Amino acid sequence: MVVSRQSASPSISVLSWRIQALGPSVTPRSRQRTYAVVGAAAAMLGAIFALRLTIGNQNDAILSLNVLAIVLAALELGLVPALACAAVAYGLFVGWTVIDDVHVSPGGYLVRGGVYLAVALLIGEVAGRLRAALEEARVGEEEMGAVVEHSSDALMSSDEHGRLLAWNPAAERIFGWRAEEVLGKRLADVAIPEGLRELYWDGLRRFLDQGDRSMIGRRFEARGLHRDGHDFPIEIAISAIEEPDGCTFHAFMHDISERKEKEDARRRLAAIIESSDDAILSSDLEGRILTWNPGAERIFGYPESEAIGMSLSDLVPPDRPDDVRGTLESVRLGERIENTELERIGKGGRRIELVAAVSPITNADGEVIAAAIVAADISARKRRDRYLAAQHGATRVLAEAPAPDEVARAILPIVANAGSWLCAVYWAADPDAETLRCEAIWVAPHTRGPVLPIQEGAVSPAIEGDMEPQWMSGGASGPVSWTRGTHAVLGGLDTQLWTPILVDGELFGGFHFLDRRRRIRDQELVTVLETITSQIGNYVDRRRAEEEAERAKDEFFSLVSHELRTPLTSIIGYADLLEDVEAERLSEQGREYLEVVQRNAQRQLRLVADLLLLARIQEGAFTVEPAAADLRPIVQQAVEAARPSAEQRGITLSVATDETPPVRADAHRMGQVIDNLLSNAIKFTPRGGRVSVRLASADGKVVVEVDDSGVGIPVSEQERLFDRLYRASSATAENVPGLGLGLTIVKAIVDAHGGRVRVQSEEGVGTSFRVELPLGSETAAGEVGE
Amino acid sequence: VSPNASEGARILVADDDPDILNLVRVRLKQAGYETLGASDGEEALRLALEHRPALCILDVVMPKRNGFEVLEALRRTERTADLPVMLLTATVEEREMARGFESGADAYLTKPFSPSDLLDRVRTLLARR
């Protein structure tokens, strides 16, 4: 046993001291010792008996020595053996009187019996008691020693000078020093980190000098120093024992590193939960909220004090099915639900979109007792996504170039969806912006029952406030004169937003959004809608300007066309009339003159048509109107129309047409193409030459070729041939009439049909123009600009 | 010019250009029709309502009321709602022709026109009645 005597508990110490005072005669017995004592007493009695018989005189003083045997037995063996010993001694005495026939008076018998009995009783009783006490003390000390020995707490005892008196195995384990290495050393130097030693000495001094017992008898936390130099958290309890030779301190301590670490870990976890932006909460399996972190408070708006005890179902929007019970049922079965998107309401009915994970919380037996919920607020992200989608949607609608009256109607569902409204109305202003007419109504999908007390066609007067966005919530606020809104308020629609569409500063119309929920003004949404409505306004403005410009252009072309063609109409008409009615009265010469007038009038007419067409092409206003067309009759008509001028110039005109599939083409314009090519071919072919036209189909294309045996075009000029007003050198050299419009027009028309025109030419040999139109092409309706 | 059932029918011709008005009337008379002449839109409308001719040939560009307006007025009036109307125009703008047909024109003739263009259309329209 390592614990020294001095270190035992107070009662043990006191007993030990008393036992020590009694001396070695009362030390505990062994069995052998008992036998030895019994043997010694018996020998002693036997010896005295024998001596007595031998001596044989009347003096019985020797018999008094029997008392010694009785005392021995009493001291060593206790009361009963002492009485037995006394009885044996008395028996031997009686035996002697009989054997030696000694006369002893009755008083002598009584005195000896009384002495033996008294000695046995007295000493046996006292010694028995003492032995019992000793036994008790020994057992107690052993027990205490065992407790100290096997304690998981370190125990160190020290004296008033701080010197170590005891150091148990737990202390060895915890502090790393063996008892024999440290006993007698100062506790502070061995077991207390340097920084705390002064504190220890102060405490010790205060206790000894001032009787300050504040550190005695209570648990406190401190730090211990390990042999290897590291310090660690400990919990200590100190007791002080005042003894005659001074004060002894017993310090019980244990290492609380693990507990500290657990506490730290708990604290860290708590800090994470406290500081998380996510809502982290738990509920029992009935849905009652048990814990609620600040993140949940921020997201839902309920402080912890209000939230705890509320039901999870209280957070479900009233117009949505309550999914709480089903979720908790899954949790009860041990299921974990991840990444589930939820719609909830916070304090005041605010809508919140969440992505959440719900997991079971189990007790030590693995039984599910609660649900842990971690939810992130994705309302903002969702909202931004919707706003962005609305922006893109509106842009897409505008990119499709709808009619100005249709734009807002097409965009209404897009913007209404973005704001998660219950319903929305597009109101269009009349041209004077005095009244607004309900043009379109949108109601959120899956909405049951009628929601809006307004019907399409309803008319409402416009007021000054209509020029600005208006957010009205709670019925009371907002302009009362706003009749469109008053109806809605009566219909139970609590939140309304009006966003006007202004075109060139004038009210064009507006979107009117409505909801049953009370919603606080969402500036982000208002801004998005303002952007979209201003895009609509700009679009309508631009389209109106374009339409205006288009109309002006059309009017100009109509006017020019009218003004140039009206005189030609009279010239041609009266020349024809002259030819029809007065021809016989004219001389041969006169008829020739008339023909010159007619021919030139026709030429002028063609020029006017070409110029107007060219102007259209230049303005980007040239369009073709394709329809299924058979090119064969078109080619033949063009050839027949050109035949007189060909014959006049002595040119052989031939035509070969294959049967070709119909193409999508503007018959009038294609006729013009062939007319122009033929007229060129005839113009540039000398007398006696030939011009041939061929129509065929090949490789998914329909091909018209116009060949001539004319002067040809130098390669260097071929590229520029289709440029506007370009005239080939041969044309100027030969003084061939023309403005250089024909091929430009040909190319514009063929391009507008999605086709191609190519030229092959050799000077002095001839020229070949080849027009290709795609078969079954649907791309023939494009506008073509220069 | 072969005689037919509509010969002798009365045709209203309206054009602000006297030369063209005369030209059209001469051609129609040659073909045996009776003509009424008007030199602006209002006169044309008045004559049409008054005489209820078998056919109206209206120039588009006219003072006071243009050809479209006269046409629309005729269509709105019960007495003349089904009167055949041919528009005469010096422009070849598709858009303008489209508007004419939308307004209820039965035929179109672009200036300059050949006598056969004119008479073919006139006969067709009169035969349709």
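Only a predicted model underlies this, so the values are computations on that prediction, with no experimental measurement involved. Residue numbering restarts at 1 for every chain, and letters A, B, ... go by the order of the sequence lines.
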>> Around atom NZ of B/K64, are there more than 12 heavy atoms from other residues, nucleotides or ligands closer than 6.0 Å?
In response: no

> By a 4.5 Å heavy-atom criterion (distance strictly below it), what part of A/L577 contacts chain B: side chain, backbone, both, or neither?
Replying inline: both

> For the candidates B/L23, B/I20, B/D15, which exhibits the highest count of non-hydrogen atom pairs separated by less than 4.5 Å from chain A?
Replying inline: B/L23

> Would you find more than 12 non-hydrogen atoms of other residues, nucleotides or ligands less than 6.0 Å from B/E50 atom CD?
Replying inline: yes

> Do B/Q30 and B/R27 get their side chains close enough for a donor-acceptor pair, meaning under 3.5 Å?
Replying inline: yes

> If you count heavy-atom pairs under 4.5 Å between each of A/T569, A/D576, A/I572, A/L605 and chain B, which one has the most?
Replying inline: A/T569

> Are A/E548 and A/R544 close enough for a salt bridge, meaning some N to O gap below 4.0 Å?
Replying inline: no

> Quick one: of B/D17, B/D19, B/V24, B/N22, who has the most non-hydrogen atom pairs under 4.5 Å with chain A?
Replying inline: B/D19

